[in-house]
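One structure is given below, encoded as structure tokens.
This one's a predicted model, so the numbers in the text were calculated from it and none came from an experiment. Read the numbers this way: they start at 1 and go in the same order the structure lists the ligands and their atoms.
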Amino acid sequence: GKGQYRHFMQKEIFEQPAVVGDTLQVFVNPQSRAVTLPDLPIDFAKVPRLTVAACGTAYYAGMVAKYWFEQIARLPVELDIASEFRYREAPLPDGGAALFISQSGETIDTLAALRYARSQDQTILSVVNQPESVIARESDAVLPTLAGPEIGVASTKAFTTQLTVLACLTIAAAKARGAIDAAREAELSAALTEVPARCAELLNHDEAIQAIAHDLAEARDVLYLGRGAMFPMALEGALKLKEISYIHAEGYAAGEMKHGPIALIDETVPVIVMAPSGPLFDKTVGNLSEVSARGGQVILITDPRGAERAGEHAAHVIEVPEVDPLVAPLLYAIPAQLLAYHTAVVKGTDVDQPRNLAKSVTVE
Ligand code: F6R
């Protein structure tokens with residue numbers, strides 16, 4: 001049941017500290033804080049390239065992972081939407097590995113992508129939430145998310161547990177490839193171990209986010225902007241808002257703004273900027289001030305340092321704890337989910353069963 005919550009989606013958002021913690025326990029030894037994966041049928045030191053395919057929110061988890069694998073593990077990644085990948089007959093490298101991400105493990109396009117990769121002699125890994133599913137059965141190795149049953153059609157806890165598994169996989173790959181030293185590994189594992197506590201802190205901002213959602217509910221169009229691993233988070237934030245509130249929303253790489261979307265900006269368009277302080281922050285602040293100069297209403301999601309430096313350009317600031325860049329996407333997911341959730345509640349839509357959508361897409 002929903003217990004004290006009004007919707008399954010809300011309950012599932014609030015379960016995230018617990019289920020991310022459960023998922024971490026599978027991969028991180030609490031004493032040594034070392035990441036240990038189950039025995040994998042591949043040697044990350046030798047894999048020439050990782051192919052990743054998935055749909056929807058699971059695809060955005062894969063896109064975050066592409067940034068991680070490439071930056072942290074120095075492992076080249078090819079990422080595609082499963083419905084495209086299955087038909088584009090991409091050549092895949094000898095000795096390559098392919099990774100499929102799916103909550104249900106039953107998504108038809110993801111399964112077809114997996115079977116294509118199998119036909120090309122790739123080693124198949126999957127990140128799935130349903131261990132009894134067909135994608136799990138057809139994989140050489142399964143990395144489970146322990147999100148528990150996800151009832152709300154909009155994916156929340158499945159997404160953050162996917163990110164948790166993918167972050168562990170990144171650390172293991174980085175170690176195998178000699179891309180990080182023991183000190184950095186310890187730092188990354190420690191940052192991951194602290195995610196459940198940081199998520200719980202963030203969930204305490206629920207009421208402040210609810211207040212902002214009242215403004216958002218008035219909008220016809222909403223833009224989400226991010227750079228680096230925050231770009232897929234912007235795409236995910238926009239997907240969450242559109243699917244449950246039916247407000248038109250788009251995610252963009254912040255640097256793409258001036259290549260087109262800035263033409264849309266006026267005082268009626270809220271722009272949600274997801275920007276942790278760090279090396280890319282000043283660039284994103286540049287985009288943010290361009291938006292506010294055109295009357296755009298900026299909702300800035302950042303950490304305390306970012307808020308101090310750029311808060312003046314924003315109509316609202318949502319503060320997220322400052323964390324290692326590896327784990328930032330896990331935290332920024334939460335305000336994006338809460339904004340979408342509360343906006344949908346204000347609009348009175350059917351949050352758990354949005355129109356036209358099914359929880360798992362088993363036909364093309
Ligand atoms: C969005 C959403 C969908 C799913 C997509 C993939 O909130 O739920 O975009 O993420 O249909 O589903 P799975 O992960 O079951 O393959």
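To the nearest 0.5 Å, the span separating CD on Gln130 from OG1 on Thr145 amounts to 8.5 Å. Separating the OH atom in Tyr224 from the CG atom in Leu241 is a distance of 4.0 Å, to the nearest 0.5 Å.
Note that Arg309 lies outside the cation-pi zone of Phe281, set by a 6.0 Å cut-off to the ring centre and a 45° limit from the axis.
Residue contact check: Ala58 has heavy atoms under 4.0 Å from atoms 10 (O), 14 (O) of ligand 1. Using a 4.0 Å cut-off to heavy atoms of Ala154, the atoms of ligand 1 that qualify are 7 (O). Close approach of ligand 1 to Glu243 is summarised as follows: ligand atoms under 4.0 Å from at least one heavy atom of the residue are 1 (C), 7 (O).
Taking a 4.0 Å cut-off on heavy atoms, Val153 registers as neighbouring ligand 1.
In this structure, atom 14 (O) of ligand 1 lies nearest to the protein heavy atom Gln103 N, 2.6 Å. At the shortest separation from atom 5 (C) of ligand 1 among protein heavy atoms lies Cys55 O, 3.6 Å. Shortest contact from atom 10 (O) of ligand 1 to any protein heavy atom: Thr57 N, 3.1 Å. The protein heavy-atom contact nearest to atom 15 (O) of ligand 1 is Ser104 OG, 2.7 Å. Here the protein heavy atom with the shortest distance to atom 12 (O) of ligand 1 is Thr107 OG1, 3.6 Å. Protein heavy atom closest to atom 11 (O) of ligand 1, with residue, atom name and distance, is Val361 CG2, 4.3 Å.
For ligand 1, the polar-atom distance check against Lys240 finds a nitrogen or oxygen pair separated by under 3.5 Å. No N or O atom of Ser360 sits closer than 3.5 Å to an N or O atom of ligand 1. For a threshold of 3.5 Å applied to N or O pairs, the pair formed by Gln162 and ligand 1 contains no separation below that value. Taking distance alone, with nitrogen or oxygen atoms compared against 3.5 Å, Thr110 stays at or beyond that limit from ligand 1.
Using the six-membered ring where Trp is involved, His7 and Tyr341 have ring planes that are perpendicular, over 60° apart on the 30 and 60° scheme.
Within 6.0 Å of CD in Glu308 there are 12 or fewer heavy atoms belonging to other residues, nucleotides or ligands.
Ring centroids of Tyr60 and Phe159 are separated by 6.0 Å or more, keeping the two rings apart.
Side-chain atoms of Ser155 and Thr57 form no donor-acceptor pair, as typed in the model, at a separation below 3.5 Å. In summary, the side chains of Glu106 and Ser360 do not present any donor paired with an acceptor at a separation below 3.5 Å, with no hydrogens or angles considered. With 3.5 Å as the limit, one finds no donor-acceptor pair spanning the side chains of Thr123 and Asp140.
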